[in-house]
Amino acid sequence: MSGATNQGTSAPRTSSLGKAAVLLGILGSVNGCGSMLRMGGGETTGAGTYEGEECRRVYYDLDDHDPESDYNHNEKKFPIGEDTSPEAQLLLATCARHMKKGRLGHETRQWNRIKPLDPEKVYRSLDDRDLDIVSAALSAVIIGNDEVAARFQHERHYKDARYQGLVLFYASLIRRDDLSAALSRLAVPAEVRTTFLAQFDGAAQRARAAGLAPEEMTVYVKIPLDVHASRSKHYEAYAELYDELDALLAKSEKARGSAEAAAALAPSFVDLRSRFVAKCGTLDCRGRPLWAHTTRELALLAVAEGKRLDAHVESHMHEREGSYVGGFVQAITAAQYAELSRMREASAKYQKAKENGIDEQTARTLSGGTTGFRFKDRAFFHVDLRLPGYAKALDGNGSGSPRVGAFPVGSVQPAAGGKGVKITFEKDRHQSQEAYNCRTTNRISRIHRDGRLEYEEVCNWRPVTVESERHKPVTVPAAEAKSVQRGDVVTFLALGEEARIIEVKRGDVVVQLRGDAVREPN
């Protein structure tokens, strides 16, 4: 191999692929420990390793290590920095990590110059419209490294079903030709690319051999793949609108630097969201990426403009846990939780049936044809199913928070001065009794301490309906109230008399989301 160096050892340099299923020459642990060792006598262990001058980029030279003391990491002498570039991470994955014997018989190993990727962070940042397949493949290789898992206690969690399932998900999601093409665009030697592809194949083989239960395969592999397939079809159906979204997002970050620019750009996001809802049509549209992303940007732009109520209403749409499933990983997690709930419920039904003497076939029938499954604690990666409350950046001490209300509409009419639409709400009504034709008798009912006499009063009574105001009238933008009717239940966010509509229900059906009309799903 051209450019190969001895990196501090006298043994000849080799580039060995070996059996791809044995993955030892891959990323080190978080605190810098790699996994490829050169043992005493010049023997190497592991497979899929590369040795070349480029490895100096990611490992300190072994000759720089003190044979008496450098078996423990010295952060001052060997600092570990950040380099998330795919080239550096590929070298860290494929370069052999060597060792030499210390004078006291201990092993001194090369220390990493950079930190490896964190597979969980890579997963949480997945974007299915711009999938970073190299980072995903690197994650699979890290997880598949038995040497790291066995040697370092804090890496043992890579043996969990969720991590093995993640490897299988990546192996099914990433086409090998696409990965090879992505690697070919990186400035690394060809042997590094070939070595890494073998490691990726081996990681998948190792995960398959882990023997996940059918229920685990469903949750960790099938559901993510189904979500990806469903969203891919969605993107294809709305390709033009997503192209517009990309163009607006490219402008948004810069626009947020000025109130004037934010005010000029915000209507474009409102218009795009409205056209998307008009085409998508149902309430489920708010779980789609375009609706979620436009709503998030509208919240951020409103913050930039200093429009507190607008910022709060757009933030409100995704502040509650479970309200944001627009991201790829959030959509996967929501679907996984739904399956987890179903399997737990089935397990409980099955166990109850068996405990009460029910035969196996009937017990399975009662539990939906399955015995159910109880996943262990921390069965899934921690993923927030909500977005930050961006609008809180505008809240000051004593400024009060906008309040949510939901009341049936009494009337809709133009507000005074042409400033939007005034919505009044139906009053609460309850039945009571009203006294009339009252008269005083000559019977004493009470004697006060000062000697005054109080005589008994006799009245006639009749039923009356008493009305009380549920909420004071609010004023909303005309565009948000154009389809609101008397009797609709409007959920709104109000700051004083000014309000913004969250949704409108007609009977049991949501007919409007923010300012856009929706219909019942077919």
Side-chain angles (χ1 to χ4, degrees), residues 17-30 35-36 46-49 89-90 92-94 116-126 128 131-152 154-180 182-183 194-229 328-329 332-333 335-336 339-340 373 375-376 378-381 383:
L17 295 180
K19 293 184 179 179
V22 183
L23 303 175
L24 299 181
I26 55 179
L27 292 182
S29 68
V30 172
S35 59
M36 182 61 196
T49 59
Q89 291 295 325
L90 280 172
L92 191 59
T94 56
L117 296 177
D118 181 337
E120 187 169 345
K121 289 182 179 179
V122 170
Y123 173 70
R124 290 201 302 265
S125 64
L126 286 180
D128 52 341
L131 194 63
D132 184 351
I133 60 175
V134 173
S135 292
L138 277 162
S139 298
V141 170
I142 296 169
I143 294 167
N145 183 2
D146 258 2
E147 176 73 8
V148 172
R151 188 176 297 277
F152 305 107
H154 63 277
E155 297 292 350
R156 290 187 185 277
H157 63 282
Y158 285 159
K159 291 299 184 184
D160 288 355
R162 58 178 174 161
Y163 280 101
Q164 299 305 309
L166 185 58
V167 172
L168 294 176
F169 168 49
Y170 288 153
S172 299
L173 180 66
I174 300 172
R175 293 174 52 192
R176 203 173 188 280
D177 288 346
D178 291 340
L179 179 58
S180 182
L183 294 175
T194 304
T195 299
F196 181 73
L197 284 170
Q199 291 180 333
F200 180 65
D201 292 341
Q205 293 172 18
R206 189 175 297 276
R208 292 187 191 101
L212 298 186
E215 294 83 2
E216 292 171 328
M217 288 293 292
T218 294
V219 167
Y220 298 127
V221 184
K222 183 180 183 299
I223 284 177
L225 289 173
D226 287 347
V227 169
H228 181 266
F328 182 34
V329 177
I332 291 172
T333 302
Q336 287 175 326
E339 179 66 12
L340 174 66
F373 194 81
F375 288 86
K376 297 178 181 178
R378 297 192 65 197
F380 305 131
F381 298 109
V383 177

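Sequential numbering from 1 along the given sequence is applied to the chain's residues. It should be emphasised that the depicted structure is a prediction, and the values quoted were computed from it without experimental measurement.
Taking each heavy atom of A203 and V167 in turn, the nearest pair found is O-CG1, 3.5 Å. The nearest pair of heavy atoms linking R162 to A379 is CB-O, 3.5 Å. Taking each heavy atom of V122 and S125 in turn, the nearest pair found is O-OG, 3.0 Å. Taking each heavy atom of V221 and G165 in turn, the nearest pair found is CG2-O, 3.7 Å. Nearest heavy atoms, F380 versus V219: CE2-CG1, 3.1 Å. Scanning both residues, Y123 and V329, for their nearest heavy atoms gives O-CG2, 2.8 Å.
One distance of note links CD1 of I174 with CG of L131; it measures 6.5 Å at 0.5 Å rounding. We find the CD1-CG distance between I332 and L225 to be 8.5 Å, quoted to the nearest 0.5 Å. Atoms CZ and OG1, on R124 and T333 in that order, are 10.5 Å from each other to the nearest 0.5 Å. For the atom pair CG of L126 and CG of L166, the computed distance is 8.0 Å after rounding to the nearest 0.5 Å. Atom CD of residue Q89 and atom CG of residue L138 lie 6.5 Å apart, to the nearest 0.5 angstrom. Summarising the geometry, atom CG belonging to L173 is positioned 9.0 Å from atom CD1 belonging to I133; distances are rounded to the nearest 0.5 Å.
Remark: side-chain polar atoms of Q199 are paired, donor with acceptor, to backbone N or O of A93 under 3.5 angstrom. Using a distance-only test at 3.5 Å, with no hydrogens or angles considered, no donor-acceptor pair links the side chain of E339 to the main chain of I223. A donor-acceptor pair under 3.5 Å is formed between the side chain of Q164 and the backbone N or O of Y158. Not a single donor-acceptor pair under 3.5 Å links the side chain of S172 to the backbone N or O of F169. The backbone N or O of R176 sits nowhere less than 3.5 Å from a side-chain atom of S180 that would complete a donor-acceptor pair.
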Could you go through the side-chain contact (heavy atoms from CB on, under 4.5 Å) check for L183 and L90 one step at a time? CA-CA 9 Å; L183 294 175; L90 280 172; 3.7 Å; yes

Please walk me through it: do H228 and F328 pass side-chain contact (heavy atoms from CB on, under 4.5 Å)? CA-CA 8 Å; H228 181 266; F328 182 34; 3.8 Å; yes

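Side-chain contact between L168 and M217: present, with at least one pair of heavy atoms (C-beta onward) separated by less than 4.5 Å. Side-chain contact between D128 and V227: absent, with no pair of heavy atoms (C-beta onward) separated by less than 4.5 Å.
Side-chain rings of Y163 and F381 approach one another, their centers coming within less than 6.0 Å.
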